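These notes are about the structure you will find just below.
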Protein chains: 2
Amino acid sequence: MSSTTGSVGRAMSLRHSVLGLLALQPATGYELLQKFDNSLSHAWHASHSQIYPELAKLADEGLAEIVGEGPRRSKTYAITDAGREELRRWLSEVEPVRTSRNETAVRAFLVPLLPPEQQRPIWERELAYAEQNVRQLEGYAEVVPTSSPFRTNVDLGLRMAALIRDWIRERLDEVS
Amino acid sequence: MSSTTGSVGRAMSLRHSVLGLLALQPATGYELLQKFDNSLSHAWHASHSQIYPELAKLADEGLAEIVGEGPRRSKTYAITDAGREELRRWLSEVEPVRTSRNETAVRAFLVPLLPPEQQRPIWERELAYAEQNVRQLEGYAEVVPTSSPFRTNVDLGLRMAALIRDWIRERLDEVS
DNA sequence: GCCATCATGTAATTAGTTACATGATTAG
DNA sequence: CTAATCATGTAACTAATTACATGATGGC
């Protein structure tokens with residue numbers, strides 16, 4: 001185990017997102033990919049071409065380990081004690097990077113530059129997306145037990161999605 | 001003007017963020033840098049080492065132009081008609097990329113993995129940040145006239161920041 | 001047998017960060 | 001005259017996307 005590269009004190013949200021998802025539950029790379037698009041979609045995104053190499057690196061450094069191999073040559077990874085400690089260290093001791101990137105927000109910011117008749121189809125598209133987003137989160141909220149420590153997370157996501165949806169409705173009303 | 005690289009139909013939020021800010025008002029690279037950290041901070045982040053080369057490229061491709069040079073060898077850029085058309089095309093015709101990246105959200109998602117006594121200092125730090133964020137946006141809201149088409153944007157940002165602040169307060173109460 | 005989906009990987013390119021580097025102006 | 005901040009740029013590196021590539025399993 002453990003190669004060279006130093007995980008000193010830098011950002012690396014991908015690494016800690018993966019580690020965090022594994023701390024919740026052991027998973028294959030393929031399953032993690034889906035979690036990034038579900039429970040973590042508002043916070044971070046990762047594609048399979050990032051996830052698989054990252055899992056290999058985590059295993060190499062002893063922060064995760066392969067705990068089983070299933071059909072279709074799938075490998076299930078679990079977090080190790082060293083991985084849990086690294087997660088704690090990152091959450092507690094590494095200064096958070098506060099920058100954020102969200103293309104949808106950039107678009108919403110810039111749409112008012114266009115004349116109203118060009119705005120309307122854009123707000124309609126955004127409303128459709130926002131409504132679908134709320135529905136998806138509502139479905140997700142239904143399966144997360146009230147007792148789960150992550151329940152409040154889902155609730156916040158849902159409230160924010162609803163706020164955005166209502167705001168877009170107002171924008172659409174304004175240009176109609 | 002106009003070099004090779006094709007701005008076909010891909011993401012490139014940096015480019016369109018810059019173009020959008022220039023559409024609002026001509027600016028120097030240094031001024032854009034500040035706008036990325038103020039009005040656009042919730043949506044996109046860019047550092048000066050990205051902004052200056054991007055401005056050069058935009059000018060090279062005829063989407064922006066230098067309209068004045070000030071003290072300290074500063075150059076003021078403005079959007080051109082071609083740039084405005086490119087912005088319209090991007091907003092209207094390019095399929096939005098819905099992925100988002102926000103380390104603060106990743107952290108908030110993962111904190112419940114830690115035992116309560118380790119959570120408390122983290123929620124305190126997050127609350128301090130969230131409160132400062134609300135204050136900053138309140139200050140910003142004061143200077144944006146009610147008549148501005150971007151006013152609703154500021155309002156949404158403020159409402160979301162307040163929602164997050166209140167949510168963190170609840171988390172802190174839970175572990176105290 | 002074949003198609004959809006599950007499942008994993010690598011290579012080439014582009015985007016973004018961090019570090020290096022320098023000069024101009026203003027306030028004290 | 002000197003320190004802070006304004007102002008711009010490039011180089012080296014790391015992160016992320018897109019494209020290439022392949023194989024396994026289950027349902028029809």
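All of these numbers come straight from a predicted model, not from anything done at the bench. In what follows, every chain begins at residue 1, and chains take the letters A, B, ... in the order their sequences are listed.
- Among pairs with a residue in residues 134-149 of chain B, none fulfils side chain to side chain donor-acceptor pair (under 3.5 Å), at least two apart in sequence or across chains.
- Sequence neighbours left out, the pairs with a member in residues 154-164 of chain B that pass salt bridge (Lys or Arg N to Asp or Glu O under 4.0 Å) are B:Arg151-B:Asp155.
- With sequence neighbours excluded, the residues satisfying side-chain hydrogen bond (donor to acceptor under 3.5 Å, both in side chains) with A:Glu103 are A:Arg107, B:Ser13.
- In this structure B:Thr104 satisfies the side-chain hydrogen bond (donor to acceptor under 3.5 Å, both in side chains) test together with A:Arg98, sequence neighbours excluded.
- A:Arg120 forms no cation-pi arrangement with A:Trp123, by the criterion of a distance under 6.0 Å to the ring centre and an angle within 45° of the ring axis.
- A search for side-chain contact (heavy atoms from CB on, under 4.5 Å) contacts involving A:Gln50 returns A:Leu14, A:Ala46, A:Ser47, B:Arg101, not counting sequence neighbours.
- B:Tyr52 shares a hydrophobic cluster with B:Tyr30; the chain of contacts runs through ILVMFWY side chains whose heavy atoms sit under 4.5 Å apart.
- Atom OH in B:Tyr30 sits about 9 Å away from atom P in D:dT5, given to the nearest Å.
- Taking the nucleotide of DNA chain D with the nearest heavy atom to each of A:Leu14 and B:Thr76, the more 5' of the two is matched to B:Thr76.
- Among the protein residues, B:Leu33 comes within range of no part of the nucleic acid, since none of its heavy atoms lies under 4.0 Å from any strand.
- B:Asp37 places its CG atom 11 Å from the P atom of C:dT17, with the value rounded to the nearest Å.
- Proximity of B:Arg101 to the phosphate of D:dT17: a side-chain N or O atom is located under 4.0 Å from OP1 or OP2.
- Side-chain N/O atoms of A:Tyr52 include none lying less than 4.0 angstrom from OP1 or OP2 on C:dG9.
- Grouped by direct or indirect side-chain proximity (heavy atoms under 4.5 Å, Ile/Leu/Val/Met/Phe/Trp/Tyr only), A:Leu158 sits with A:Val134, A:Leu137.
- Distance, B:Ile51 CD1 to D:dC6 P: 15 Å, rounded to whole Å.
- Distance CD (B:Glu54) to P (D:dT10): 13 Å, rounded to an integer number of Å.
- Between B:Trp90 and B:His16, the ring planes lie parallel to each other; the angle is under 30°, not in the 30° to 60° tilted range.
- A sub-4.0 Å separation between OP1 or OP2 of C:dA15 and a side-chain N or O of B:Gln50 is absent.
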Protein-nucleic acid N or O pairs under 3.5 Å, nucleotides 24-26 of chain D:
| residue | atom | partner | partner atom | Å |
| --- | --- | --- | --- | --- |
| D:dT25 | O2 | A:Arg72 | NH2 | 2.8 |

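- Sorted by residue number, the members of residues 39-49 of chain B with any non-hydrogen atom under 4.0 Å from DNA chain D read B:His48, B:Ser49.
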